[in-house]
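A quick write-up on the structure given underneath.
Note that this is a predicted model, so its numbers are computed, not measured. Computation of the quantities below employed the complete heavy-atom set of this structure, encompassing side-chain atoms and omitting hydrogens, waters and symmetry-equivalent molecules.
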Amino acid sequence: MSLEKKQDISPEYTMGASETRAGPSSEFSHDASDVYTQSSYEKQPLFTRVIDSFKPISLEDDGVDTSQMTEMEKSIYATSRHPLARSLKGRHLQMIAIGGSIGTGLFVGSGYALWLGGPAGQLISYLLVGYSLYCVVNALGEMSVQFPVSGSFNAFFSRFVDPAWGFTLGLLYALSWLISFPSELIACSITIQYWNSSINPAVWIAIFYVVICSINLFGVKGYGEVEFSLSIIKVLAVIGFIILGICLVCGAGNGGYIGARYWHNPGAFNNGFKGVCSCFISAAFSFGGVELVALAASETANPRKSLPRATKQVFWRITIFYILTAVVIGCLVPYTDERLLSGKSSEDITSSPFVIAINNGGIKVLPDIMNAVILIAVVSVGNSSVYGCSRSLASLAVQGLLPRSIAYVDRAGRPLVAIMITNVFGLLGFLAATDKQDTVFTWFFSICSLAAFFTWIAICFTHIRFRWALAKQGRSTDEVLFVSPTGIYGSLSGLVILSLIVVGEIWVAIWPIGNDGASNEGFWQSCLSLPLMILLWAGYKTYTRSWNMLMVNLEDVDLDTGRRELDIEVIKQEIAEEKAYIRSRPLWYRIYRMWC
């Protein structure tokens, strides 16, 4: 049941105080009695502005009595009012969707996937994971445009399924980014050692730690501008490599015409079906972060306009950056090349198939350029790690699933406490100066090894529940601002494929490649997130004594709170007019709007 059904509330509360009075791009408090308004802010000295920006934001009391609400209703209401800054523009979202979080998973990890499954095995894993994530992002786009609330899918898990899902999966998702941050700092130091290995890696970790932490203290606008710039560089680098790779395959390099030589000798597959299954974790590592574009929806000035277009860009990201890259790499580097396993870690450029292919082609300067691109990509992912973790922790806190203090938002719209928690954990990056870093991070990554798949599966299921709730309450997609092109059947197929992939990963973890029998250690290192997820879910159910409710009843699902547009009939009319306008345009324009 929506809060509007129980209270006589002005639509402005659902829009949020930041949009109602000062426009969608404001980052400041809007209480008339608060001195920290846009006009007074600009008149203050710079030092005073900086100090004041860290003070808690002041929100007006919108007159809603929360004393009679259930815990679920309070959680939904809180996420709709969480005062994060709405400073991201359409260009930020589009570049985050296209190039955000592209990092060592693609540039280096793709080489390990090639070694595990061969060129065909790698391509199959990228195709299956890519299709599933295309369905996931479309489903998430539909819900996020409709409800641009704090935490996005973390809040949707609680809202449309059950708070236990929100707590468990939201915490696992936050942990994934939390662990990723120090790992990316170590990757920065390893990448720098390609040029200079005489300096202690801790020095480089300290430098990049300060840089990344500083970026996130500039708020979401700082994050958006940095990601916009870095993503452009990554996109151009990948496109350039694909063009270069096609030229090398056709005989432009020292090796002459290559064609599909390596697909025949040593072959298309390595390690059979088990090799293909082993590629899925590498694929997930490469694709990870595509959901960030939805997480940023609550900090976007106009999600109704910018988020659907950003969502559509994910198709091109999957097709160009992963599928085409996998084909090119498979043609240029045989899976038997020992250099694919020569790196000291998953971030070592010496094992990058990009660098190996360039070296094989006899091009001298490009490896240095590619190393610089990898360094940029690592900084970008480290930046995204702080953003993704802090927003997830803040969302969980505002829902009441973590201590309320973590939900603290300052006057610049930054979830300051959550950012500080992430920054403190990043200090683990200094483990690079010890000889125990590999052991520590192996077990850290085991916590989130399957977490990405669980998150994506849950998004598909949550979208299905959202559609079922619409039908159960006698409503339809006519009022949905952005309808997923893949629809409910896309979510069903994505859920099935991703679930089967998880089963395959568990099988490979227990009976890994090269082992005659089962591996107990292999299972715990690869699948620790599975028992951890079950324990978190059962622990939450026991603590809250909510075993009597496994899921929210469909007729009780709130389909209104958090929307920025509340008049359903007006929305239906606007959607119908927009569709009619698109139908009236030439064919090329209709195709363009379908994919862009």
Side-chain angles (χ1 to χ4, degrees), residues 103-105 108-117 121-122 125 129 168-169 171-187 190 270-289 340-348 351 381 385 389 425 428-429 431-432 434-457 498-538:
T104 53
V108 181
S110 54
Y112 185 60
L114 177 63
W115 177 82
L116 284 172
Q122 181 188 34
S125 68
V129 175
T168 303
L169 294 165
L171 193 58
L172 278 178
Y173 183 78
L175 283 174
S176 299
W177 285 119
L178 194 65
I179 293 167
S180 175
F181 182 32
S183 174
E184 297 303 325
L185 291 173
I186 293 175
I190 293 175
N270 189 27
N271 299 311
F273 180 66
K274 189 174 286 188
V276 177
C277 290
S278 299
C279 289
F280 287 123
I281 284 290
S282 294
F285 185 43
S286 299
F287 280 90
L340 292 173
L341 299 178
S342 64
K344 298 177 183 178
S345 73
S346 60
E347 292 88 9
D348 196 335
S351 60
V381 176
S385 298
C389 180
F425 198 87
L428 286 175
L431 286 171
T434 72
D435 56 358
K436 299 293 184 183
Q437 62 157 316
D438 290 340
T439 303
V440 172
F441 278 97
T442 294
W443 288 104
F444 270 150
F445 277 112
S446 68
I447 296 175
C448 56
S449 54
L450 295 175
F453 288 112
F454 294 146
T455 300
W456 298 333
I457 290 170
L498 290 169
S499 299
L500 291 175
I501 288 175
V502 170
V503 172
E505 286 307 313
I506 295 173
W507 171 58
V508 172
I510 298 175
W511 290 280
I513 294 173
N515 276 37
D516 296 330
S519 171
N520 181 50
E521 184 179 7
F523 170 77
W524 290 108
Q525 286 186 350
S526 301
C527 304
L528 183 59
S529 53
L530 176 60
L532 179 62
M533 181 182 71
I534 296 172
L535 284 174
L536 286 172
W537 179 80

If you look only at distance, which donor and acceptor atoms sit under 3.5 Å apart when one is on a side chain in residues 271-281 and the other is two or more places apart or in another chain?
residue: Asn271; atom: ND2; partner: Leu116; partner atom: O; Å: 2.9
residue: Lys274; atom: NZ; partner: Trp511; partner atom: O; Å: 2.9
residue: Ser278; atom: OG; partner: Lys274; partner atom: O; Å: 2.8

Exercise. Return the set of residues passing ring pair (Phe, Tyr, Trp, His ring centres under 6.0 Å) with Tyr112 (not counting sequence neighbours), or none when no residue passes.
Key: Trp115

Exercise. Measure the spacing between CD1 of Ile510 and CD1 of Ile506 and express it to the nearest 0.5 Å.
Key: 7.0 Å

Quiz prompt | Within-4.5 Å side-chain heavy-atom neighbours: Ser526 and Glu505 | solution = no

Quiz item: How close do Cys527 and Pro531 get, heavy atom to heavy atom, and via which atoms?
Solution: O-CD, 3.0 Å

Quiz item: Could you give the distance from CH2 (Trp524) to CG (Leu530), rounded to the nearest 0.5 Å?
Solution: 8.5 Å

Quiz item: Roughly how far apart are Ser183 OG and Leu431 CG, rounded to 0.5 Å?
Solution: 11.0 Å

Quiz item: Roughly how far, to the nearest 0.5 Å, is the CH2 atom of Trp537 from the CG atom of Leu172?
Solution: 14.0 Å

Self-check item: CD on Glu184 to CD1 on Ile179, rounded to 0.5 Å
Solution: 12.5 Å

Quiz prompt | Check: Ser529 side chain, Leu450 main-chain N or O, donor-acceptor pair, under 3.5 Å | solution = yes

Exercise. Please examine the side chains of Ile186 and Pro182, heavy atoms only from C-beta on, and report whether any two atoms are closer than 4.5 Å.
Key: no

Quiz prompt | Sub-4.5 Å side-chain heavy-atom contact between Phe454 and Leu498 | solution = no

Practice problem: Rounded to the nearest 0.5 Å, what's the gap from CZ on Phe181 to OG on Ser385? Could you check? | Solution: 7.5 Å

Quiz item: Taking all atoms of both residues into account, what is the closest heavy-atom pair of Met533 and Thr168, and its distance?
Solution: O-CG2, 3.3 Å

